[in-house]
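For this chain, numbers begin at 1 and follow the sequence in order. Because the structure is a prediction, the values reported are computed rather than measured.
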Amino acid sequence: MKIVHISDIHINAEPILDLDPVENFRKCLAHVEEYQPDADRIVITGDLTHHGLAESYRLLKEMLAGTSLTGDRAPRLLIGNHDRRETFAAAFPDAKRDRDGFIQWSEETPAGVFIYMDTVEPGTHAGAYCEKRRGWLGGELDDARREGKPAFLFMHHNPTTVHVANADQIGIRDETELKALLARYRETVRHIFFGHCHFSLSGTVTGIPFSAPRSTNHPCWPDFSGNPLRMGHGALQPNYNVCFLGADDVIVHAIDFLDADKVRWEETTEEGWIPEGPDTEPRVPTR
């Protein structure tokens, strides 16, 4: 199964750090449509807007409606700390919610159960996964385990400390409790997908692999100085991830979509390499 993982699009009418989030997301969507037409799912893990404004959600809705991404390929939208839960729900009234009103749900897929989580805590950029939400997640994971199905988790906030002080100060406040829950289901949860940090990440939490793409607008540079009041950013390439979920593996590729025009395609030999030497005839690129 092939999925596209996008995060931190920050739709906003004004530039953010001298970058245009709307134009960058348009380019991201166009790249996905052209180069990933066989994707089975597309998931955007939060910070859909920069200020949670109704007009930003309306613009996002219009942008998505203008693409070929429909049906199973219609992007699954999670909320992040820059979003407002009720404003989002008003703009997307079909958004699924759990019994306590959180924007979280699960769906069956060919690869297993996809579980979409709500880690937003109003009034703070830090995340939360309270007792009610943990109870819901535990029930979903119980069902998956009982049915012998692997589970894949999608969330906005990083589920563990990433050793970048500026990011960790706005990580999940209930990290210890969430980790304890995840540890009980490490044989069921195959992979965790998240965003929030704006830089590429991979690793494990309680033995469960995870991955995260950069923001599509303003990627950050990981700073290991320990200074929580410093954030690195600049002319860095935004990206999204393309992930292949197999029976025995999960493969994650980072796609720097703004670099697409720089790619040169060559036809290779059967050994998989480009012909070399002074007498080599030019070969016609396959793309």
Side-chain angles (χ1 to χ4, degrees), residues 4-32 35 43-52 56 78-83 119-121 124-127 154-173 175 191-205 208-243 250-263:
V4 168
H5 177 198
I6 303 169
S7 199
D8 297 273
I9 61 177
H10 287 263
I11 297 301
N12 193 57
E14 301 297 326
I16 302 169
L17 299 176
D18 299 322
L19 298 167
D20 185 342
V22 175
E23 182 61 21
N24 275 355
F25 185 55
R26 286 190 199 281
K27 292 177 178 178
C28 177
L29 287 176
H31 194 274
V32 169
Y35 291 96
V43 184
I44 306 177
T45 51
D47 279 359
L48 305 173
T49 67
H50 195 52
H51 294 297
S56 296
L78 281 69
I79 58 172
N81 49 290
H82 280 264
D83 293 305
T119 59
V120 171
E121 185 70 10
T124 177
H125 285 297
F154 297 82
M155 59 198 299
H156 179 67
H157 289 82
N158 44 301
T160 190
T161 299
V162 298
H163 302 281
V164 174
N166 181 259
D168 287 333
Q169 71 173 343
I170 54 172
I172 286 191
R173 292 175 170 176
E175 180 180 325
H191 199 89
I192 302 172
F193 302 90
F194 63 90
H196 188 50
C197 298
H198 287 224
F199 42 80
S200 294
L201 273 167
S202 61
T204 65
V205 54
I208 301 169
F210 63 69
S211 60
R214 303 176 206 130
S215 166
T216 58
N217 188 63
H218 47 293
C220 291
W221 189 265
D223 171 30
F224 307 113
S225 69
N227 182 357
L229 303 181
R230 187 169 79 163
M231 182 190 79
H233 70 93
L236 308 172
Q237 283 298 327
N239 74 6
Y240 65 86
N241 286 350
V242 171
C243 315
V250 174
I251 307 299
V252 179
H253 294 268
I255 309 299
D256 297 350
F257 58 90
L258 294 186
D259 274 345
D261 291 341
K262 300 177 184 178
V263 178

Side-chain donor or acceptor of [X] paired with backbone N/O of [Y] under 3.5 Å:
X	Y	value
N166	P228	yes
N241	C243	no
N158	G171	no
D259	K262	no
D8	H196	yes

Mind running ring pair (Phe, Tyr, Trp, His ring centres under 6.0 Å) on H218 and H198 for me, showing each step along the way?
CA-CA 7 Å; H218 47 293; H198 287 224; 4.7 Å; yes
Does one side chain, of [X] or [Y], offer a donor that lies under 3.5 Å from an acceptor on the other?
X	Y	value
N81	H156	yes
D223	S225	yes
S211	H5	no
T49	S56	no

Quick one, F25 with L48, criterion side-chain contact (heavy atoms from CB on, under 4.5 Å). Give me CA distance, side-chain angles, the key distance, then yes/no.
CA-CA 10 Å; F25 185 55; L48 305 173; over 6 Å; no
Run the side-chain contact (heavy atoms from CB on, under 4.5 Å) test on F154 and F194 for me, step by step, so that the C-alpha distance in whole Å, both residues' side-chain angles and the decisive distance to 0.1 Å come before the verdict.
CA-CA 6 Å; F154 297 82; F194 63 90; over 6 Å; no
If I compare all heavy atoms of H157 with all of A126, which pair ends up nearest, and what's the gap?
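The pair with the smallest heavy-atom distance is NE2-C, 3.5 Å.
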Work out which heavy atom in T216 is nearest to a heavy atom in P238; give both atom names and the distance.
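In this case the closest contact between T216 and P238 is O-CB, 3.3 Å.
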May I ask you to say whether D256 pairs ionically with R214, meaning some side-chain N is under 4.0 Å from a carboxylate O?
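Looking at R214 together with D256, the answer is yes, because their closest N to O distance falls below 4.0 Å.
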Please step through side-chain contact (heavy atoms from CB on, under 4.5 Å) for the pair C28 and I6, ending with a clear verdict.
CA-CA 9 Å; C28 177; I6 303 169; 3.9 Å; yes
Kindly determine whether Q169 and H125 satisfy side-chain contact (heavy atoms from CB on, under 4.5 Å), including the steps that lead there.
CA-CA 9 Å; Q169 71 173 343; H125 285 297; over 6 Å; no
Can you tell me which residue among D83, N217, D47 is in a side chain to side chain donor-acceptor pair (under 3.5 Å) with H10?
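Among D83, N217, D47, the one that satisfies the side chain to side chain donor-acceptor pair (under 3.5 Å) with H10 is D47.
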On the 0 to 90° scale, with breaks at 30° and 60°, tag the Y240-F257 ring pair as parallel, tilted or perpendicular.
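Judged by the thresholds at 30° and 60°, the geometry between Y240 and F257 is parallel.
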